[in-house]
Amino acid sequence: DERWGTRTLVRAFTPVAETYHRTHRPHGLAHQATWLWSGVADETGQQYAVVREFKVEASTLAVVSKLERGTERDSPRLYDNLYLGILLHDIDTANGRVRVASYPAKGSLAFSVEIEPQRYHHIDAAGEVDLRFTALGPAMEYFCPGELEDGLYASEFCEVEGTVQGRPVRGFGGMDIAWGPPGIGWTQSKIYTRLEEYWVVFVNEFDDGGREYGVAVDGVADFSVGFLVRDGVPQHVGGAEISMQRSAAGFPLAADIALGTARYKFTTTSRVAQIKGLMQWANGEMVAADGGPPVRRRFAWIEYFAKQR
């Protein structure tokens, strides 16, 4: 149905403190959800995937996984009682800070997120997960207008350092934020229910210290998002193409991805989690199709909508 709209308008931008707060109303839209995500590794090379989602008044998703290589099963979670429930979501306009935190709750492991523009501090599992984020460069934002419903989405990429269960870790991550019409939550939005099929985010750090990061989203009709930044300078702002290969059971294994003239191969290395019959998440590697310059650190993550539309 063309009334929903599938084409996106993509731009690079630098968030301010208000961007991260629940009362921010770009294009008259309302905050739907925020996701704080990271892929980090300790000194032995053991990788961890950390995700914390929060909305205006509650957090309903939290995952800390100790990644196992392979695509046969989901990686084990380190905690089964992370805090889910109502939360504080306040802004200190004088100092340009946003604070999101769990209310005291018996039997749950508390979390907090302190946010300043392009810097944030994520504490979870009552302090056993302690991660600091610093932005790598400009964030991405895309607007997807439609006659029946508009959608706006932002994604910011960061260097991440800290500890997991006392072990020093480092890696990459970021924060995503979605906005939509008042009264429509993210899982009710047209992007979630109608448009998205594949969503890939990645960071590559080269041997010479240079970095690239990007977003590739593909879906039904004309819906796609492409964003690529190298050494802080946007190289591609527009659409993306994703050709996915899946296992016999339907899990994403590999993909050929185009961001403008840049070509990549994504390969799944670890399954993170799935909502059976609906969504699947995996970590992997995003490698330039021509090999590219030597890379010393990689991070890549894929979200796949497995449901039938």
Side-chain angles (χ1 to χ4, degrees), residues 1-11 26-27 29-35 37 51 53 61 140-155 176-202 214-228 236-268 271-282 284 286 289 300-309:
D1 188 336
E2 293 183 355
R3 294 177 301 165
W4 290 99
T6 59
R7 296 188 178 181
T8 55
L9 303 172
V10 188
R11 73 176 182 122
H27 303 286
L29 301 177
H31 180 273
Q32 291 180 326
T34 295
W35 297 268
W37 46 271
V51 180
E53 170 258 25
L61 173 67
M140 177 219 56
E141 182 182 78
Y142 77 81
F143 181 52
C144 187
E147 179 183 332
L148 297 179
E149 182 181 322
D150 294 338
L152 186 73
Y153 198 95
S155 189
D176 286 24
I177 310 173
W179 298 267
I184 296 178
W186 170 248
T187 54
Q188 302 159 337
S189 72
K190 70 175 186 178
I191 294 170
Y192 182 95
T193 61
R194 294 175 175 270
L195 302 183
E196 178 193 345
E197 290 183 331
Y198 307 114
W199 198 301
V200 177
V201 295
F202 73 98
V215 180
V217 184
D218 203 1
V220 303
D222 296 322
F223 182 73
S224 75
V225 180
F227 187 68
L228 177 63
H236 173 71
V237 180
E241 297 177 6
I242 301 178
S243 177
M244 182 63 59
Q245 303 167 30
R246 299 190 296 273
S247 69
F251 200 87
L253 299 178
D256 295 310
I257 298 175
L259 293 168
T261 60
R263 299 290 190 271
Y264 295 89
K265 181 77 170 186
F266 173 90
T267 304
T268 294
R271 287 173 54 151
V272 177
Q274 65 176 317
I275 302 173
K276 290 186 177 180
L278 179 62
M279 297 182 70
Q280 299 167 338
W281 298 278
M286 190 84 150
W301 167 282
I302 187 169
E303 176 180 86
Y304 166 49
F305 273 69
K307 63 183 178 181
Q308 298 296 316
R309 298 184 184 281

Legend entry - Interatomic spacing from CG in L152 to CH2 in W179 - rounded to 0.5 Å: 5.5 Å
Inset, instruction - Mind checking the CD-CD spacing from E2 to E147? Nearest 0.5 Å is all I need. - result: 10.0 Å
Inset, instruction - Find out whether D218 and E197 are in side-chain contact, i.e. whether some heavy atom of one side chain is under 4.5 Å from a heavy atom of the other. - result: no
Legend entry - I191 side, atom CD1; Q32 side, atom CD - distance, nearest 0.5 Å: 7.5 Å
Inset, instruction - Would you mind reporting whether D150 and C144 have side-chain heavy atoms less than 4.5 Å apart? - result: no
Could you pull out all donor-acceptor pairs under 3.5 Å where a side-chain atom in residues 253-266 meets a protein atom, sequence neighbours excluded?
| from | atom 1 | to | atom 2 | distance (Å) |
| --- | --- | --- | --- | --- |
| D256 | OD1 | K265 | NZ | 3.4 |
| R263 | NH1 | G260 | O | 2.4 |
| Y264 | OH | E212 | OE1 | 2.9 |
| Y264 | OH | E212 | OE2 | 3.4 |
| Y264 | OH | R230 | NH2 | 3.2 |

Legend entry - Closest contact, heavy atoms only, E149 versus W4: OE1-CZ3, 3.3 Å
Legend entry - Close side-chain approach of Y153 and W186, heavy atoms under 4.5 Å: yes
Legend entry - T8 OG1 to L195 CG distance, which is reported to the nearest 0.5 Å: 10.0 Å
Inset, instruction - Can you sort out the partners of E53 under salt bridge (Lys or Arg N to Asp or Glu O under 4.0 Å), two or more places apart, ordered by chain and number? - result: K55
Inset, instruction - Please name the pair of heavy atoms, one in A216 and one in I242, separated by the smallest distance, quoted to 0.1 Å. - result: O-CD1, 3.7 Å
Legend entry - M279 side chain near Y192 side chain, heavy-atom distance below 4.5 Å: yes
Inset, instruction - Considering non-hydrogen atoms only, spot the tightest contact between V10 and M140 and give its length. - result: CG1-CG, 3.9 Å
Inset, instruction - Flag the pair R194 / V220 as yes when at least one side-chain heavy-atom distance between them is below 4.5 Å, and no otherwise. - result: no
Legend entry - Beyond-backbone contact of F305 with T193, side-chain heavy atoms, under 4.5 angstrom: no
Legend entry - Which atom of V217 lies closest to which atom of A240, heavy atoms considered: O-CB, 3.9 Å
Inset, instruction - Look at the rings of W199 and Y142 and say which category their plane angle falls in: under 30° parallel, 30 to 60° tilted, over 60° perpendicular. - result: tilted
Inset, instruction - Check step by step if side chain to side chain contact (heavy atoms under 4.5 Å, CB included) holds for M244 and I302. - result: CA-CA 11 Å; M244 182 63 59; I302 187 169; 3.1 Å; yes
Legend entry - Distance, nearest 0.5 Å, that separates CZ of R7 from CG of D222: 4.5 Å
Legend entry - Residue pairs, two or more places apart or on separate chains, that pass side chain to side chain donor-acceptor pair (under 3.5 Å) and touch residues 239-255: Y198-R246, R246-Y304
